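The structure appears below as structure tokens.
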Amino acid sequence: MSIIDKEREQEQARVDRLTSMIKQRIGYLRERTGGIHGEIVDIRRDFWEDVTVNFEDSAETAETYASMKQQAELLSERERSHRHMKEQLATLERLQASPYFGRIDLVEEGAPAGSEPDQIYLGVGSLLDESGEQYLIYDWRAPVSSLYYDYGPGPVVYKTPEGEVRGEMTLKRQFMIRGGVIKSMFDTGVTIGDELLQEVLGKGSDAAMKSIVATIQQEQNRIIRNDRAKLLIVQGAAGSGKTSAALQRVAYLLYRFRGTLSADQIVLFSPNPMFNSYISTVLPELGEKNMNQTTYLQYLEHRVGRDFEVEDPFVQMEYTLTATGEAGYETRMLGIQAKSSAAYMDLIDAYASRLGHRGLLFKSIMFRGRPLITASAIAEQFYQLDRGVTIPNRLRMLRTWLLKELTRLSKLERKKKWVMDAIELLDNEAYTIAYQELRRKNKFTEQSHDDYESEREFLAAGVVQERFKKLRSRVKRGLFLDMPGIYKALYEPGHVEGNPVGGPAGFTAGEWEAVQADTLGRLEQGLMPYEDATPYCYLKEKLEGFHTHTTVKYVFVDEAQDYSEFQYRYLRRIFPNSRMTLLGDFNQSIFAHSGTGEIFHTLNELFEPEETERITLLRSYRSTKQIVEFAARIIDGGERIEPFNRNGEEPTINRAERPGALPTLIADKLRELSASGFESVAVICKTAEESKILYAKLADQTQGIRLIEKETVTFEKGKVVIPAYLAKGVEFDAVVIADASARVYSRESERKLFYTACTRAMHELHLFHEGELTPFLDTRSGDFS
């Protein structure tokens with residue numbers, strides 16, 4: 001038997017021992033959790049039967065309190081034990097089929113000469129021996145595990161809470177264990193995971209993002225374990241593992257700061273609801289609860305409320321891609337650029353400052369069809385307040401005044417005829433309650449006219465108070481401020497703020513007047529353009545006071561290149577205590593506000609320079625070498641992208657010889673790809689409208705094909721038709737570009753969208769076109785023949 005075979009046999013024997021131990025512990029824990037769950041049910045059911053309740057005197061009351069406290073503490077302790085055992089059980093179940101994926105042998109500095117190295121096995125969770133003192137498996141997030149990702153055999157150093165530990169790694173070994181059986185085992189050097197990663201990527205794309213901690217690369221590990229930077233910017237090529245590293249970073253942080261950081265103190269802004277579904281299984285696989293996931297649009301809609309219907313960013317994207325020939329298109333594009341800038345935040349600041357002296361609009365407080373307190377009276381009261389006080393504080397003072405006014409006016413309202421009519425319609429129960437309440441307050445002595453008046457006044461007060469409840473609630477919520485009117489006023493003809501020319505810097509008076517008219521027209525219809533939603537929320541916060549999320553400690557932004565400078569500055573204001581991790585690829589900047597400047601370069605002002613760190617990932621792992629090299633020639637600087645050495649078929653370019661033949665050609669290709677075993681295939685169109693049209697033509701020819709729209713919230717493998725901008729961040733076994741003709745992709749602003757579509761493919765990429773091919777694939781960019 002060779003040394004390799006003997007070592008494999010020894011390793012398999014260790015796996016067998018551990019899987020047997022894990023199986024026994026799982027059986028024990030399942031029995032124990034079942035028993036404790038039964039105890040919890042019994043305690044809850046019999047809680048009051050087991051508590052002595054007696055409030056006759058202070059001693060009995062104290063005994064009752066002590067009895068309740070004891071029973072509550074027993075229940076709490078049982079629930080804690082049950083929760084802890086469930087967590088242990090979940091970890092063991094994850095380890096059962098694949099206990100670990102790596103091993104490093106380490107001799108620490110200062111160890112006696114000739115000492116045997118410590119054998120450190122790494123998995124997705126920790127496992128202790130029966131004594132509870134020795135680790136049989138180390139969690140991949142433990143400090144010593146960083147050696148596996150950052151070093152090859154030789155001198156090493158890693159950080160622990162107690163300080164740096166130095167030593168020498170004598171062995172680094174990787175495993176692929178499935179069902180308790182070692183499928184592959186090999187010793188490796190500095191490069192982590194090439195062989196294993198090759199095997200993983202060679203398989204089909206799952207319906208959800210894979211969590212493969214065994215294949216974390218050294219540069220990704222720098223992202224995951226970075227706990228120094230307050231602003232961590234990750235610029236990564238398509239398929240470089242940005243999102244995977246971000247999610248594993250969340251898992252690492254929850255492990256590293258367990259006890260002081262919980263999942264609900266982390267927020268991830270993702271590109272769309274479908275993406276949330278795509279990544280939803282990663283953290284549970286790593287043994288952690290999912291953090292708060294939302295889209296930026298969902299957050300804006302929550303803050304805008306019912307004032308306006310906020311335009312979806314993908315609706316804005318459809319407009320920018322399809323309305324190029326429409327009147328007003330250039331004006332809208334100018335507006336998008338202006339309202340996305342930091343300068344526009346300065347303009348909003350100047351407007352808010354002016355509103356402190358004049359121009360703030362209010363809503364009359366209406367009651368029974370008449371103004372109870374007029375808007376002009378509210379404005380007069382507001383501007384009588386000390387102007388040295390901030391607007392939010394003056395609004396709080398105004399709220400107090402309004403509530404007092406409502407109390408005063410409610411007393412006058414009691415004598416109105418409508419109140420008498422309402423009293424007549426009250427049922428007997430209301431009269432009985434009134435009588436009992438007045439008796440309790442000693443208002444009744446003997447039956448008299450005064451008693452009748454007391455009862456009538458009591459009932460009148462109750463009727464008015466009930467009707468005034470809504471008014472008081474609206475005042476408490478600040479709804480007397482006319483935020484829609486205030487924001488519209490910014491775009492009214494002739495309104496100029498902060499710029500003598502007539503608008504934001506760089507605009508002529510005529511250009512800004514056109515933007516004002518275009519914006520105001522949309523707002524008057526109750527529609528808020530997406531580019532206005534953040535300025536509106538910012539102005540709202542400036543006036544009402546910022547709704548800051550001070551308990552959130554980490555904010556993650558995926559597809560970070562799609563956010564504007566204004567949006568980042570707004571996020572910084574509402575998450576003032578958060579560290580931020582931004583992940584994106586400037587080569588996939590597809591929104592109109594992206595412009596030509598890289599947003600990542602403008603973020604340094606959010607934090608101090610020494611608090612900011614930037615990591616660039618140039619190596620692409622998702623796609624084959626052929627697909628990466630093909631896509632890299634589409635964009636400037638693409639030659640810097642390093643393909644992972646995984647070979648596959650060359651991308652194909654297919655021309656339809658006759659008009660209208662594309663759907664049939666695409667359907668034929670889909671059948672061919674299905675026959676090849678690909679389970680996840682995307683037909684990518686430029687826009688949602690093109691996707692709908694093509695889907696209608698393919699549905700009859702292609703069984704099981706689905707249309708992905710912006711409302712789609714679940715990601716499933718299969719054959720799909722999808723717009724390019726919704727496919728961002730998602731990968732497919734094979735991709736078909738529905739129409740790569742010059743008619744569809746020709747404007748320079750569409751180059752990055754086309755690049756994004758091509759980089760979704762893992763194994764095969766096929767482009768179809770009718771007529772002239774897109775200029776993005778001309779000979780200047782390389783040989784695409």
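Just so it is clear, the model here is predicted, and its values are computed rather than measured. Because only heavy atoms are used, hydrogens play no part in the values below, and waters and symmetry mates are left out as well, while side chains stay in.
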For this session: Of all the heavy-atom pairs spanning I177 and P99, show the shortest one and how long it is.
Result: CG2-CD, 3.8 Å

Problem set entry | Residue list, side chain to side chain donor-acceptor pair (under 3.5 Å) with R225, at least two apart or on another chain | N221

For this session: Go through Y554 and F257 one step at a time and tell me if the side-chain contact (heavy atoms from CB on, under 4.5 Å) criterion holds.
Result: CA-CA 12 Å; Y554 286 88; F257 299 107; 3.9 Å; yes

Problem set entry | Main-chain N/O of E709 paired with T712 side-chain donor or acceptor, under 3.5 Å | yes

For this session: Mind telling me whether F754 and F776 have parallel, tilted or perpendicular rings, with 30° and 60° as the class edges?
Result: tilted

Problem set entry | Main-chain N/O of A688 paired to E318 side chain as donor or acceptor, under 3.5 Å | yes

Exercise. Which is it for D733 and S680 under the side chain to side chain donor-acceptor pair (under 3.5 Å) test, yes or no, and what are the steps along the way?
Worked result: CA-CA 5 Å; D733 292 339; S680 174; 5.0 Å; no

Exercise. Do S270 and D558 get their side chains close enough for a donor-acceptor pair, meaning under 3.5 Å?
Worked result: no

Exercise. Just checking, any donor-acceptor pair under 3.5 angstrom between side chains of Y151 and Q218?
Worked result: no

Exercise. Please walk me through it: do Q174 and Y148 pass side chain to side chain donor-acceptor pair (under 3.5 Å)?
Worked result: CA-CA 10 Å; Q174 291 189 242; Y148 173 82; 3.1 Å; yes

Problem set entry | Residues that E613 engages under side chain to side chain donor-acceptor pair (under 3.5 Å), provided they are two or more places apart | N226, R228

Exercise. Between W140 and Y149, how do the two ring planes meet: parallel, tilted or perpendicular, split at 30° and 60°?
Worked result: perpendicular

For this session: Please report the shortest heavy-atom distance between S620 and V628, naming the atom on each side.
Result: OG-CG2, 3.7 Å

Exercise. Distance-only, no hydrogens or angles: does the T160 side chain make a donor-acceptor pair with backbone N or O of E162 under 3.5 Å?
Worked result: yes

For this session: With R633 as the cation and Y755 as the aromatic partner, state whether NZ or CZ is under 6.0 Å from the six-membered ring centre and within 45° of the axis.
Result: no

For this session: Kindly state whether the ring of F175 and the ring of F101 have centres lying under 6.0 angstrom apart.
Result: no

For this session: Inspect the surroundings of CD in E611 and state if more than 12 heavy atoms from other residues, nucleotides or ligands are less than 6.0 Å away.
Result: yes

For this session: Check the surroundings of atom CZ in R747: do more than 12 heavy atoms from other residues, nucleotides or ligands lie under 6.0 Å from it?
Result: yes

For this session: Taking Q235 for its side chain and F586 for its backbone only, find out whether a donor-acceptor pair lies under 3.5 Å.
Result: yes

Exercise. Should we count NZ of K553 as having more than 12 external heavy atoms under 6.0 Å?
Worked result: yes

Exercise. Which atom pair, heavy atoms only, marks the closest approach of S589 to D562?
Worked result: CA-OD1, 4.1 Å

Exercise. Taking atom CZ of R166 as the centre, does the number of heavy atoms from other residues, nucleotides or ligands within less than 6.0 Å exceed 12?
Worked result: no

For this session: List the steps, then state whether salt bridge (Lys or Arg N to Asp or Glu O under 4.0 Å) holds for E750 with K686.
Result: CA-CA 9 Å; E750 297 164 343; K686 187 173 80 169; 2.9 Å; yes

Exercise. Quick one: CG on D585 to NZ on K752, what's the gap to the nearest 0.5 Å?
Worked result: 8.5 Å

For this session: Kindly indicate, with the supporting measurements, whether the criterion side-chain contact (heavy atoms from CB on, under 4.5 Å) is fulfilled by F269 and T295.
Result: CA-CA 5 Å; F269 285 96; T295 65; over 6 Å; no

Exercise. Just how far is it from atom NZ of K242 to atom CZ of R249, taken to the nearest 0.5 Å?
Worked result: 16.0 Å

Exercise. Is there a donor-acceptor contact under 3.5 Å from the side chain of S126 to the main chain of D139?
Worked result: yes

Exercise. Any luck finding a side-chain donor-acceptor pair between E531 and Q316 under 3.5 Å?
Worked result: yes

Problem set entry | Check ion pair R569-E565 (N to O, under 4.0 angstrom) | yes

Problem set entry | K728 and E559 ion-paired at < 4.0 Å | yes

For this session: Look at the aromatic rings of Y121 and Y100 and report parallel, tilted or perpendicular, splitting at 30° and 60°.
Result: tilted

For this session: Give the minimum heavy-atom separation between L767 and L765, together with the two atoms involved.
Result: CD1-CG, 3.8 Å

Exercise. Yes or no on side-chain contact (heavy atoms from CB on, under 4.5 Å) for I223 and L232, after CA distance, side-chain angles and deciding distance?
Worked result: CA-CA 8 Å; I223 299 167; L232 180 61; 4.1 Å; yes

Exercise. For R751 and E748, what are the C-alpha separation, side-chain angles and deciding distance, and is it a salt bridge (Lys or Arg N to Asp or Glu O under 4.0 Å)?
Worked result: CA-CA 5 Å; R751 181 182 290 274; E748 189 58 31; 2.7 Å; yes

Problem set entry | Plane angle bin for F591 and F314 - parallel if under 30°, tilted between 30 and 60°, otherwise perpendicular | tilted

For this session: Give the intermediate values and the outcome of salt bridge (Lys or Arg N to Asp or Glu O under 4.0 Å) for residues E679 and K717.
Result: CA-CA 6 Å; E679 296 182 342; K717 62 184 178 182; 3.0 Å; yes

Exercise. S691: what forms a side chain to side chain contact (heavy atoms under 4.5 Å, CB included) with it, not counting sequence neighbours?
Worked result: C685, L707, V721, P723

Seminar exercise, completed: Between L300 and A533, the two heavy atoms sitting closest are CD1-CB, 3.7 Å

Exercise. For the ring pair Y138 and Y135, is the centre-to-centre distance below 6.0 Å?
Worked result: yes

For this session: Kindly say whether the aromatic ring centers of H769 and Y745 come within a distance under 6.0 Å.
Result: no

Exercise. Taking the side chain from R760 and the backbone from F732, do they hold a donor-acceptor pair closer than 3.5 Å?
Worked result: no

Exercise. Passes side-chain contact (heavy atoms from CB on, under 4.5 Å), N577 versus V552? Steps please.
Worked result: CA-CA 7 Å; N577 299 335; V552 174; over 6 Å; no

Problem set entry | Lys/Arg N to Asp/Glu carboxylate O, R622 vs E731, below 4.0 Å | yes

For this session: Can you label the angle between the Y296 ring and the Y530 ring as parallel, tilted or perpendicular, going by 30° and 60°?
Result: perpendicular

Problem set entry | Closest contact, heavy atoms only, S623 versus A761 | OG-O, 2.5 Å

Exercise. When rounded to the nearest 0.5 angstrom, what distance separates CD1 in I635 from CD1 in I641?
Worked result: 4.0 Å

For this session: Report the distance from atom CG of L122 to atom CZ of R173, rounding to the nearest 0.5 Å.
Result: 14.0 Å

Problem set entry | Residues D187 and K172 bridged, charged N to O under 4.0 Å | no

